[in-house]
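Below is one structure, written out as structure tokens; comments come after it.
Below, chain A is the first sequence line, B the second, and so on; all start at residue 1.
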Protein chains: 4
Amino acid sequence: MKFHNNKPIYQQIGTVIRNDIIKEKIKSGDRMPSIREMAIELEVNPNTVNRAYADLQAEEIIFNKRGIGYFIHEKAKESIMEEEKKEFIEKKLPAIFDQMILLNINFEDLQKYYDEYKAKGGKK
Amino acid sequence: MKFHNNKPIYQQIGTVIRNDIIKEKIKSGDRMPSIREMAIELEVNPNTVNRAYADLQAEEIIFNKRGIGYFIHEKAKESIMEEEKKEFIEKKLPAIFDQMILLNINFEDLQKYYDEYKAKGGKK
Amino acid sequence: MKFHNNKPIYQQIGTVIRNDIIKEKIKSGDRMPSIREMAIELEVNPNTVNRAYADLQAEEIIFNKRGIGYFIHEKAKESIMEEEKKEFIEKKLPAIFDQMILLNINFEDLQKYYDEYKAKGGKK
Amino acid sequence: MKFHNNKPIYQQIGTVIRNDIIKEKIKSGDRMPSIREMAIELEVNPNTVNRAYADLQAEEIIFNKRGIGYFIHEKAKESIMEEEKKEFIEKKLPAIFDQMILLNINFEDLQKYYDEYKAKGGKK
DNA sequence: GTGGTCTAGACCACC
DNA sequence: GTGGTCTAGACCACA
């Protein structure tokens, strides 16, 4: 897997996993690949996967059964979506709107870009 | 001046200057404060300001007259706005739209948040 | 390593590396010595090497893998040669020819100097 | 007058004067503009012109009559040409030839570029 | 281990 | 006065 270089890899891994949960590629109760498996698959240092898992555990998205592995929490999807929605509305959107003002972009323009986006296929 | 901790100071300085140019607080042809003056004002090491200025010079936003100081380029405002607009439309917006889909937020919701944002005063 | 005094050290380091790439002493995909290793080898401050590497990265000659080190880009050699050839033909040669006219040196003279150069061994 | 930023202005002034002498725009015995006049004409600090003149004086290209001004030396043109020719042949040409080898440019190519240069007008 | 940032302080060339 | 470079040393995040 290719990672970009402007964010820590362990965060990028976390994001991928969170997105997979939202998209229901992986679901509550599923067992995560072991740290080593994941490390090999992603061509990444196991420490890095470890850190990604640790963070997800701290967010109560996954949990660890000693000697067995990591599993997806009940309600993982719901709590991720709630968390990210909050972040999105309270942090990202205001920043976007601030920049729109600075760049002289109004809401009609935004609508136009949204239409273009949908036309082009939207979800990649 | 207070800087937040998740971005390098020299980048934050660059951003402030770029925004000041967009807002026309400083204009084409103006002389920038000298590196040392700026360093004192921002309570920062001169090297840090130096790096911020060097980056802006590489972006052709400011230029240097030997032994005299840094000056704002002709067209600085235009080129900054063009650059940032491009970044905004090609990078940030698609990411936002992607996330909207993921989080099940539709355009009507976006409109609603925008109205709230405007009501609250918009520009901080 | 000895540096001359009329150019910044970090630029001289960059030039040495670029030439090593052209001469294929180092090749695409190779890992560069770490900043600290290089600093010790060149008897120079790590910050200086850092700056040299940063510039090469900006030119897309080397790139960074987080926590691992710097590596030579694919196409590094090609892009360097293209770039330098352009510089040579569009900037240096015309300056040389201008000066030849000023100094009353014609092309036959140039040929003579070239022959002498080859006779003396050419490449140092 | 516009100066480029990669060489000290006082050196650029010196070069212009030397070239004017070679081109016989100014000749042996002529009086140079006073430092102040020159500074105003070039939109430059008088100190800068002063330094340029000082260097030319050290090279025995101009000399100073106290209270009267600076004058072009006898033999100024000859000595400049001799000096620059030496520099050109011993320093610049070998560097050019070195780079040609590195960039895989042979003498036939050089000939071709020279022909193109002459075709395009040569002396600017 | 890796690189990135920042500080403090020095020295220098230039205007 | 201006900026540019370099050093020494520190601290941090990341793999």
Side-chain angles (χ1 to χ4, degrees), chain A residues 3 5-13 35 39 42-52 54-55, chain B residues 3 5-13 31-39 42-57 62-71, chain C residues 3 5-13 31-39 42-57 62-71, chain D residues 3 5-13 35 39 42-52 54-55:
Chain A
F3 298 99
N5 225 352
N6 48 353
K7 263 197 185 178
I9 292 175
Y10 76 91
Q11 284 180 16
Q12 297 182 51
I13 295 173
I35 289 183
L42 301 180
E43 296 174 345
V44 135
N45 191 304
N47 288 327
T48 307
V49 178
N50 187 34
R51 179 151 184 195
D55 283 6
Chain B
F3 297 100
N5 219 0
N6 49 348
K7 264 198 183 180
I9 294 176
Y10 71 88
Q11 285 181 14
Q12 297 182 50
I13 295 173
R31 182 179 174 279
M32 298 291 297
S34 82
I35 288 182
R36 300 190 232 262
E37 285 166 6
M38 187 68 108
L42 301 180
E43 294 173 349
V44 134
N45 189 290
N47 284 326
T48 305
V49 178
N50 185 21
R51 178 152 187 196
Y53 278 20
D55 285 3
L56 291 171
Q57 186 174 35
I62 62 180
F63 66 95
N64 181 274
K65 286 191 194 171
R66 304 182 65 126
I68 301 179
Y70 280 95
F71 295 80
Chain C
F3 297 100
N5 219 355
N6 49 349
K7 263 197 184 179
I9 294 175
Y10 71 88
Q11 284 182 14
Q12 297 182 50
I13 295 173
R31 184 179 172 279
M32 297 292 298
S34 83
I35 288 182
R36 301 190 233 261
E37 285 166 7
M38 186 68 109
L42 301 180
E43 295 173 347
V44 132
N45 189 289
N47 283 326
T48 306
V49 178
N50 185 20
R51 179 153 185 195
Y53 279 19
D55 284 3
L56 291 171
Q57 186 173 35
I62 62 180
F63 66 94
N64 182 274
K65 285 191 195 169
R66 304 181 67 125
I68 302 180
Y70 281 95
F71 295 80
Chain D
F3 298 99
N5 226 352
N6 47 353
K7 264 197 184 178
I9 293 176
Y10 75 93
Q11 284 181 15
Q12 297 183 52
I13 294 173
I35 288 183
L42 301 178
E43 294 174 348
V44 136
N45 191 303
N47 289 326
T48 306
V49 178
N50 186 34
R51 180 151 184 196
D55 283 6

Shorter than 3.5 Å, N or O on both sides, protein versus nucleotides 9-12 of chain E: list them out with atom names.
from	atom 1	to	atom 2	distance (Å)
E/dG9	O6	B/Asn47	ND2	3.1

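- As a whole-Å value, the separation of C/Phe3 CZ from F/dT5 P is 15 Å.
- Using a 4.0 Å heavy-atom criterion, one finds that C/Tyr70 contacts the sugar-phosphate atoms exclusively.
- Each of C/Gln11 and B/Ser34 was assigned the nucleotide of DNA chain F with the nearest heavy atom; the assignment lying further toward the 5' end belongs to B/Ser34.
- Computed from coordinates, the B/Tyr10 OH to E/dT7 C1' distance equals 16 Å when rounded to whole Å.
- Distances were taken from every side-chain heavy atom of A/Thr48 (C-beta onward) to each of F/dA15, E/dG4, E/dC15; the shortest belongs to F/dA15.
- Mapping A/Arg51 and C/Val44 onto DNA chain F by nearest heavy atom places C/Val44 at the nucleotide closer to the 5' end.
- Separating the CD atom in B/Gln12 from the CG atom in B/Asn6 is a distance of 7.0 Å, to the nearest 0.5 Å.
- Which of E/dC6, F/dT2, E/dC15 sits closest to the side chain of B/Arg31 comes down to F/dT2.
- Side-chain proximity of B/Ile9 to the nucleotides E/dC6, F/dG4, F/dC6 is greatest for E/dC6.
- Comparing atom distances between the C/Arg66 side chain and each of F/dA15, E/dC14, F/dT7 picks out F/dA15 as nearest.
- Between C/Met32 and B/Glu43, it is C/Met32 whose nearest contact on DNA chain E lies nearer the 5' terminus.
- The listed nucleotides are F/dA15, E/dC14, F/dG4; the one nearest the side chain of D/Pro8 is E/dC14.
- Between the CG atom of C/Asn50 and the C1' atom of F/dT5 there is a distance of 14 Å, rounded to whole Å.
- At whole-Å resolution of the value, CG in B/Leu56 and P in F/dG3 are 13 Å apart.
- Taking atom OH of residue C/Tyr53 and atom C1' of nucleotide E/dT2, one finds them 12 Å apart after rounding to whole Å.
- A straight line from CG of B/Asn5 to C1' of E/dC6 spans 12 Å, rounded to a whole angstrom.
- Between atom CD of residue C/Glu43 and atom CZ of residue C/Phe3 there is a gap of 9.0 Å, rounded to the nearest 0.5 Å.
- Not a single donor-acceptor pair under 3.5 Å links the side chain of B/Gln11 to the backbone N or O of B/Pro8.
- Counting only heavy atoms from C-beta outward, the side chains of B/Tyr70 and B/Leu56 never approach each other to under 4.5 Å.
- Of the candidates A/Thr48, A/Ile13, A/Ile9, A/Leu42 forms a side chain to side chain contact (heavy atoms under 4.5 Å, CB included) with just one, namely A/Ile13.
- When each of E/dG4, E/dT5, F/dG4 is scored by its nearest atom to the side-chain atoms of C/Gln57, the top-ranked nucleotide is E/dG4.
- The CD-C1' distance, from A/Gln12 to F/dA15, rounds to 13 Å in whole Å.
- Here the P atom of nucleotide E/dG4 and the CD1 atom of C/Ile35 are 5 Å apart, to the nearest Å.
- Paired runs in DNA chain F that reach 3 or more consecutive Watson-Crick or G-U pairs, where each pair keeps both distances under 3.5 Å, cover E:1-14 with F:1-14.
- Residues C/Tyr53 and C/Met38 form a side-chain contact, since some pair of their non-hydrogen atoms from C-beta on lies under 4.5 Å apart.
- Between A/Asn5 and C/Phe63, the closest side-chain pair of non-hydrogen atoms is not below 4.5 Å.
- Between E/dG3 and C/Asn64, no contact under 4.0 Å exists linking OP1 or OP2 to a side-chain N or O.
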